[in-house]
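Atoms considered below: every heavy atom in the structure, side chains included; atoms not considered: hydrogens, waters and symmetry mates. Treat the numbers as computed from the prediction; the structure is a model and nothing was measured.
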Amino acid sequence: MYSYPISDRIHSSTGRIIMLDRALLRNETDRVRLAAENKGEPCPIDEWLELDERRRRLLGETEELRRRRNELSNEVSSLKKDMDGDQAKLIYNLSRESKETGRRLAAIEKDLKAAETRMSDIELYFPNIPDPDVPVGNDESFNRIVKSAGEKPSFDFNPLPHWELLGELLDSEASGSITGSNFILLRGWAAWLQRILISWMMDFNSNAGMEEVWVPFIANRKSMTSTGQIPKLEYDMYHIEKDDLFLIPTGEVPLTNIYSDSILQDKDLPIRLFGYSPCFRREAGSYGKDTRGLNRVHQFEKVEMVRMVKPENSEVALEEMTAHVGEMLELLNLPYRVSLLATGDLSFAASKCYDFEVWSAGQEKWLEVSSVSNFRGFQSRRGGIRYRPAAGGKLQYVHTLNGSGLALPRLMAALIENGQTESGRIVLPEILAERTGIEILG
RNA sequence: GGAGAGGUGGCCGAGUUUGGCUUAAGGCGUACGCCUGCUAAGCGUAUGAGAUUCACGUCUCCGAGGGUUCAAAUCCCUCCCUCUCCGCCA
């Protein structure tokens, strides 16, 4: 038996936060169980089923008592209207029964509430269900490479890793004394290159018709729960205890939560957003692995894209976003490959995800620079993001997607390593050279 | 940080003084229909969400939580958020 902490500080103005459809939990228990198993997540379905039954029983009882109490109150009300003296006793008796009903009600409601709270807490721990075409496997070795593009550069000298090429422009002594290890401080042309890249990516996304958004870089507990960082990744985030706020680990959090607890109109969809943000990750437990240079750091810069679409359109949207990211990498002239993540590598909230890795010639390594995911109704359920279908009928949860376009430090690493000359200077890709009028750095 | 004003359905907005036909008025929007030889306008009808139930139905929801009461959008307490002004400050 696992223990699932009580999340008493989470509220939703549209009701309790729920995750998978309750009907799904009830009726397709095996599917839910299998999904969790394939993702390597615990699955508290048995306890949930018990609570569900208990809740429904208690709910029936409270409703009957409430109905009776309403009835009694209405009788009192109508008697009082033309009171003639004889009725005082009658009113007294009705009041007594009503009061007694209230007492019984309170007792049952207490149990009901306990069951509901526990249920909602547990529901936060069910991972999203992978799409049927996601490879089943418990780690990244089961990922399937679905695309490779571009040529790895060849050199007639021994190419260096980016940290050697950057030299003192990557001033870890300074960032270390300002903050601590694995934070970046860039100087000179390295800082310049980062700024140019952000600005180019922003323009590229803007020209693709997305709406540009500038977001807060700190988010509250409820937002973090909606997008799925809490509860699983709570301790991978930087937390501001005094205000119970978190530094965002990805721009996905603010961008997706823009529409929390909203009802969108059919004509508003699809919503296509992008925005810049720094991303903060504690990376607890990852020391010693890939930590040199820009490969793994606690704060990195990213331009993030978020889409909200009708459920029937999310699969196409995922492919479109994937193509868009590929286009960016091609324009930057970076060799890349795309992997369809296996169940065990798929994040808690995602139902399907493509990872983009670029080739970094100095380290001779593939570096992940983007991750494009479909969350289907997982985040919109948690966050309460619905829309009214034009055809009428019940409100529907939108499907949410997001993708990096793109994440910076590793992109920088690859550009620097792939563009290096024997003398240690850096040739910029054409698209950036045209934009800035600068062809070579260093 | 201080003072004030607020938070009601997809949106706007009445209701809070005086608790009870509030089953939340009215408007906008939306859908359908009528009328108009196009459009606009006009007229009519419908239209909150959620839970539960085979169904009829029942119950819940007026920022969140608690309290008073036979009965709470309405009274009391705590908290959250938004706006305006002041203070501080990049």
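Across all strands shown, A/Leu395 has heavy atoms under 4.0 Å from sugar-phosphate atoms exclusively, and none from any base. Backbone-only contact: A/Ile263 has heavy atoms under 4.0 Å from sugar-phosphate atoms and none from a base. A/Arg96 comes within contact range of no nucleotide atom at all, as no heavy-atom separation falls under 4.0 Å.
Look at A/Glu71 and A/Arg68 and you find a salt bridge, because one of the NZ, NE, NH1 or NH2 atoms lies within 4.0 Å of a carboxylate O, short of that distance.
Among the nucleotides B/rG50, B/rU52, B/rA71, the one closest to any side-chain atom of A/Arg26 is B/rU52. Nearest nucleotide to the side chain of A/Arg386, out of B/rC70, B/rG50, B/rU52: B/rG50. The side chain of A/Ser95 has B/rC70 as its nearest neighbour among B/rG66, B/rC59, B/rC70. Of the listed nucleotides (B/rG20, B/rA51, B/rG10), B/rA51 has the atom at the smallest distance from the side chain of A/Arg55. Listed nucleotides: B/rU60, B/rC70, B/rA51. Nearest to the side chain of A/Asn70: B/rU60.
The nearest whole Å value for the distance from the CD atom in A/Glu63 to the P atom in B/rC59 is 8 Å. Between the NZ atom of A/Lys394 and the P atom of B/rG48 there is a distance of 13 Å, given to the nearest Å. Between the CZ atom of A/Arg67 and the P atom of B/rC59 there is a distance of 7 Å, given to the nearest Å. Straight-line distance from the CZ atom of A/Arg66 to the P atom of B/rC59: 10 Å, rounded to whole Å. Rounded to a whole Å, the CD atom of A/Glu116 is 13 Å from the C1' atom of B/rC61. In this structure, the CD atom of A/Gln396 is 10 Å from the P atom of B/rG50, given to the nearest Å. Separating the CD atom of A/Glu61 from the C1' atom of B/rU53 is a distance of 15 Å, rounded to the nearest angstrom. Between the CG atom of A/Asp21 and the P atom of B/rA51 there is a distance of 9 Å, rounded to whole Å.
A/Asn128 contributes a side-chain N or O that, together with a main-chain N or O of A/Ala349, makes up a donor-acceptor pair within less than 3.5 Å.
Nucleotides B/rG9 and B/rC70 are separated by 29 Å at their C1' atoms, to the nearest Å. The separation of B/rA72 from B/rC59, taken at their P atoms, amounts to 13 Å, rounded to a whole angstrom. Between B/rG13 and B/rC28, the two C1' atoms lie 10 Å apart (nearest whole Å). Going from the C1' atom of B/rG27 to that of B/rU8 covers 15 Å, rounded to whole Å. A distance of about 32 Å separates the C1' atoms of B/rC79 and B/rU23, rounded to the whole Å. Here, B/rC56 and B/rU69 have their P atoms 38 Å apart, quoted to the whole Å. Taking atom P in both B/rC76 and B/rG7, the straight-line distance is 15 Å, to the nearest Å. Separation of the P atoms belonging to B/rC89 and B/rU17 is 44 Å when rounded to the nearest angstrom.
Remark: RNA chain B takes part in the stems B:1-7 with B:80-86, B:10-12 with B:26-28, B:29-34 with B:42-47, B:48-52 with B:57-61, B:63-67 with B:75-79, each of 3 or more antiparallel Watson-Crick or G-U pairs, criterion distances under 3.5 Å.
Nearest-nucleotide positions on RNA chain B for A/Ser98 and A/Ala390 put A/Ala390 closer to the 5' end. When each of A/Asp52 and A/Gly102 is assigned the nucleotide of RNA chain B bearing its nearest heavy atom, the one mapping closer to the 5' terminus is A/Asp52.
Within the 4.5 Å cutoff, side-chain heavy atoms of A/Arg388 are placed close to those of A/Gln265. For the pair A/Tyr354 and A/Leu318, the minimum side-chain heavy-atom distance is below 4.5 Å.
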List, with names and distances, any nitrogen or oxygen atoms from the protein found under 3.5 Å away from nitrogen or oxygen atoms belonging to nucleotides 25-29 of chain B.
none

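Each of A/Ile129, A/Ile122, A/Leu124 was checked for a side chain to side chain contact (heavy atoms under 4.5 Å, CB included) with A/Phe126, and the lone residue meeting it is A/Ile122. When the options A/Asp345, A/Asp133, A/Asp131 are evaluated for a salt bridge (Lys or Arg N to Asp or Glu O under 4.0 Å) with A/Lys352, the one that passes is A/Asp133.
The two residues A/Arg69 and A/Gly102 make their nearest non-hydrogen contact at NH1-CA, 4.3 Å.
Using a 4.0 Å cutoff on non-hydrogen atoms, no part of residues 246-256 of chain A comes near RNA chain B.
Around the CZ atom of A/Arg57, the shell of radius 6.0 Å holds more than 12 heavy atoms that belong to other residues, nucleotides or ligands. Atom CD of A/Glu173 is surrounded by 12 or fewer heavy atoms from other residues, nucleotides or ligands within 6.0 Å. Heavy atoms from other residues, nucleotides or ligands lying under 6.0 Å from CD of A/Glu168 number 12 at most.
Aromatic ring centres of A/Phe378 and A/His399: separated by at least 6.0 Å.
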Test log, rule side-chain contact (heavy atoms from CB on, under 4.5 Å), inputs A/His324 and A/Val372: CA-CA 10 Å; A/His324 179 83; A/Val372 186; over 6 Å; no

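For the residue pair A/Asp203/A/Ser206, the side-chain donor-acceptor check at 3.5 Å is not satisfied.
The distance from atom CD of A/Glu417 to atom CE of A/Met412, rounded to the nearest 0.5 Å, is 11.5 Å.
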